Colleague: 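Please find one structure pasted underneath; my questions will follow.
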Amino acid sequence: MTEPLIFVAGHRGMVGAAIVRRLRALGHDNIITRSRQELNLLDQQAVSRFFAEHRIEQVYVAAAKVGGIHANNTYPADFIYENLMVEANLVHAAHTHGVQKLLFLGSSCIYPRLAEQPMREDALLTGTLEPTNEPYAVAKIAGIKLCESYNRQHGRDYRSVMPTNLYGPGDNFHPENSHVIPALMRRFHEAKERGDAEVVVWGSGTPRREFLHVDDMAAASVHVMDLAPDVYQANTRPMCSHINVGCGADVTIRELAETVARVVGFEGQVVFDATKPDGAPRKLLDVSRLSAMGWNAGITLEQGLRDTYDWYRAQGAEVRS
Ligand code: GFB
């Protein structure tokens, strides 16, 4: 009998790649991955065939259509359709082929726009979502409910983790479609190289965001996957089974911009473009559930930004497409 496999779906993405690194560092050599060309996760039959052909024991659902505030606002159909299809295909095929353990990765945008801060897990479905990413958020809420439903109806052990805003090596540095950290890192870097006097940052600079380095996210994901069922269940409930993952502290976008400028070495002015959307005013997660389960973030924002900038520079032009 072959050794059972750990399937990391989305291993070419920033988070999936970090989970693979983490699993390898822990000594796992039974990891299976598939590129988009090898397995189209939007294709239900192909996904089902893949599970039929391999002895899979655990699934990390790190495959997702992701992007920053502009991409979410511009391509809402892509964000809701692709995320719903990928998660439904993976969860259903995992169940059909007898996989007992799965970890679904969501996002802190599942919570209401004006949820009480820091946001606890039970704030889910208590209010109106942030409009710039509502389709994405609805797909991620559906993913949590898929997991809970297969657990309730079929006795599966499908868990969910909801990360705060992530960043790190392997991020997307597209000028418009990326998240704020890679967008600003690239803009400050290019401004420094050209000797520009100022850099434009979107919005008012007042929204607050919590940022977590992707290596911390990967460590938390493996930690939650590997918790004994009684420990996980003691800290969750059947209809509120997801776990927040964050570092427990946030900064304003202005403070973030100043920190990125310092890390990059840009010495000019930072100006704000108020015609661009701010999105949610604040998104800070309550991470006490995760902390009670024995995991806390370890990488500070400044350290993480330096690490990401080192990676960005090492990639050269490739990453700047
Ligand atoms: O990273 P970001 O797009 O994520 O934007 P969200 C965070 C904040 O940074 C917003 C501001 O207030 C932006 O207006 N910002 C400033 C910028 N300059 C820039 C820039 O050049 N690029 C970008 N992207 N932002 C996303 C959701 O929202 O968060 C996703 O749309 C996902 O669904 C992700 O949940 C974690 O936190 O606003």
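Residue indices begin at 1 and follow the sequence shown. Both ligands and their constituent atoms are indexed starting at 1 by order of listing. Everything quoted here is computed from the prediction, not taken from an experiment.
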Colleague: Which residues pass the side chain to side chain donor-acceptor pair (under 3.5 Å) test with R156, sequence neighbours left out?
Modeller: H95, Q100
Colleague: So which protein residues pack against ligand 1 under 4.0 Å, heavy atoms counted?
Modeller: G67, G68, I69, N72, S107, C109, N133, Y136, N165, S178, H179, V180, A183, L184, R187, V201, W202, P207, R209, I253, P277, D278, K283
Colleague: Rest of the hydrophobic cluster containing L114 (Ile/Leu/Val/Met/Phe/Trp/Tyr, side-chain heavy atoms under 4.5 Å)?
Modeller: none
Colleague: What residues, two or more places apart in sequence or in another chain, satisfy side chain to side chain donor-acceptor pair (under 3.5 Å) together with D310?
Modeller: R313
Colleague: Can you check ring-ring contact (aromatic ring centres under 6.0 Å, His included) on F7 and H54, steps first, answer last?
Modeller: CA-CA 10 Å; F7 176 37; H54 299 91; 8.6 Å; no
Colleague: Between N72 (side chain only) and T132 (backbone N and O only), is there a donor and an acceptor less than 3.5 Å apart?
Modeller: no
Colleague: Got a salt bridge between R186 and E190, using NZ or NE/NH1/NH2 to carboxylate O under 4.0 Å?
Modeller: yes
